Amino acid sequence: MFKLKSDREVWLPVTLPDPDGKATIRLKVRLISHTANAARKHDIIQDQVDRLRGEAEAGSIESAGAMLAKFVAISEALSPEAIDKDIDTLVSRITDWQDIGDEAGAPLPFNPDHLRALLDSATWVVKAVRDAITDLDDNGRVKN
């Protein structure tokens, strides 16, 4: 039976493409509502629509200025502020973990600082975690 609860958390397996071989960790993730998920995507798309609308109104879509605007958008997406916001979003959703150890292999207790260290360890870690959470938000969790 599916239990309708307003505040749900699930264990989410995340496969990390570690250079030493794939590793699977489990993160406990807060689910977000369909409305919140859709609003998040809408805001991201709306930012780009607003940018393109401004370029179109300025008549710069086919100009060097339009190319510059594209590079500015990429730069802004990779700004320290954007990266911090991305990490903050992930940290706000993850509440626990399993199968993560320190350098000696001893189980590492979960806390936000350790989570931030995990996420800061490599871009591919952030991508794997973000992709797993996005897939959960969009497609649910497939039971094994």
Side-chain angles (χ1 to χ4, degrees), residues 2-103 106-143:
F2 180 82
K3 296 178 182 175
L4 182 61
K5 298 189 293 186
S6 60
D7 188 23
R8 292 188 61 209
E9 294 179 336
V10 298
W11 284 104
L12 180 66
V14 178
T15 300
L16 302 176
D18 192 307
D20 296 327
K22 287 185 179 180
T24 299
I25 62 174
R26 290 171 42 90
L27 300 175
K28 196 170 199 178
V29 177
R30 256 186 222 102
L31 298 179
I32 61 172
S33 71
H34 172 65
T35 304
N37 189 35
R40 180 179 55 86
K41 290 179 182 182
H42 177 268
D43 290 345
I44 291 168
I45 292 169
Q46 191 61 49
D47 288 345
Q48 295 306 314
V49 168
D50 291 344
R51 184 182 311 276
L52 288 172
R53 184 173 286 128
E55 290 177 19
E57 290 170 358
S60 61
I61 284 289
E62 298 296 325
S63 70
M67 288 300 287
L68 177 60
K70 302 289 184 231
F71 284 104
V72 168
I74 291 169
S75 175
E76 287 172 357
L78 296 174
S79 71
E81 296 81 13
I83 291 169
D84 286 346
K85 183 178 177 184
D86 186 38
I87 297 298
D88 288 345
T89 299
L90 294 174
V91 169
S92 74
R93 296 279 308 275
I94 299 167
T95 62
D96 202 354
W97 64 20
Q98 295 176 346
D99 305 319
I100 297 179
D102 62 17
E103 290 182 28
L108 188 64
F110 176 84
N111 71 46
D113 290 334
H114 289 160
L115 176 58
R116 286 179 188 282
L118 170 71
L119 295 171
D120 194 39
S121 67
T123 299
W124 46 264
V125 171
V126 174
K127 182 180 182 327
V129 171
R130 187 185 322 107
D131 289 351
I133 291 175
T134 299
D135 190 50
L136 173 69
D137 290 344
D138 291 347
N139 302 317
R141 184 174 58 159
V142 178
K143 299 258 182 186

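Being a predicted model, the structure only gives us computed values, none of them experimental. Throughout, numbering of the chain's residues begins at 1 and tracks the sequence.
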**Student:** A side-chain contact here means heavy atoms from C-beta on lying under 4.5 Å apart; do W97 and H114 qualify?
**Tutor:** yes
**Student:** Any side-chain heavy-atom pair from D120 and I87 closer than 4.5 angstrom?
**Tutor:**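 Of all side-chain heavy-atom pairs linking I87 with D120, none is under 4.5 Å.
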**Student:** Stepwise, does the side chain to side chain contact (heavy atoms under 4.5 Å, CB included) test hold for L12 with R93?
**Tutor:** CA-CA 11 Å; L12 180 66; R93 296 279 308 275; over 6 Å; no
**Student:** Between D131 and K127, does at least one N-O distance fall below 4.0 Å, as a salt bridge requires?
**Tutor:** yes
**Student:** Compare all side-chain heavy atoms of L90 with those of R116 and state whether any distance is below 4.5 angstrom.
**Tutor:** no
**Student:** What pair of heavy atoms forms the shortest contact from T15 to P17, and how long is it?
**Tutor:** O-CD, 3.8 Å
**Student:** Identify which one of D135, D86, T89 satisfies the side-chain hydrogen bond (donor to acceptor under 3.5 Å, both in side chains) criterion when paired with R130.
**Tutor:** D86
**Student:** Roughly how far apart are F110 CZ and I94 CD1, rounded to 0.5 Å?
**Tutor:**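 Between F110 CZ and I94 CD1, I get 6.5 Å after rounding to 0.5 Å.
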**Student:** Tell me every residue that passes side chain to side chain donor-acceptor pair (under 3.5 Å) with D96, counting only those two or more places apart in sequence or in another chain.
**Tutor:** none
**Student:** If we only count heavy atoms from C-beta on, is the T24 to D99 side-chain gap below 4.5 Å?
**Tutor:**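 No; the side chains remain at least 4.5 Å from each other.
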**Student:** Restricting to non-hydrogen atoms, name the atom on L16 and the atom on W124 that form the minimum distance, rounded to 0.1 Å.
**Tutor:**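 Shortest heavy-atom separation between L16 and W124 comes out as CB-CZ3, 4.0 Å.
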**Student:** Kindly compute the distance separating CH2 (W11) from CD1 (I25), expressed to the nearest 0.5 Å.
**Tutor:** 10.5 Å
**Student:** Between atom CG of L136 and atom CG of L27, what is the distance when rounded to the nearest 0.5 Å?
**Tutor:**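 One finds 11.0 Å between CG of L136 and CG of L27.
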**Student:** Ignoring hydrogens, what is the shortest heavy-atom contact between L118 and V125? Give both atom names and the distance.
**Tutor:** O-CG1, 3.5 Å
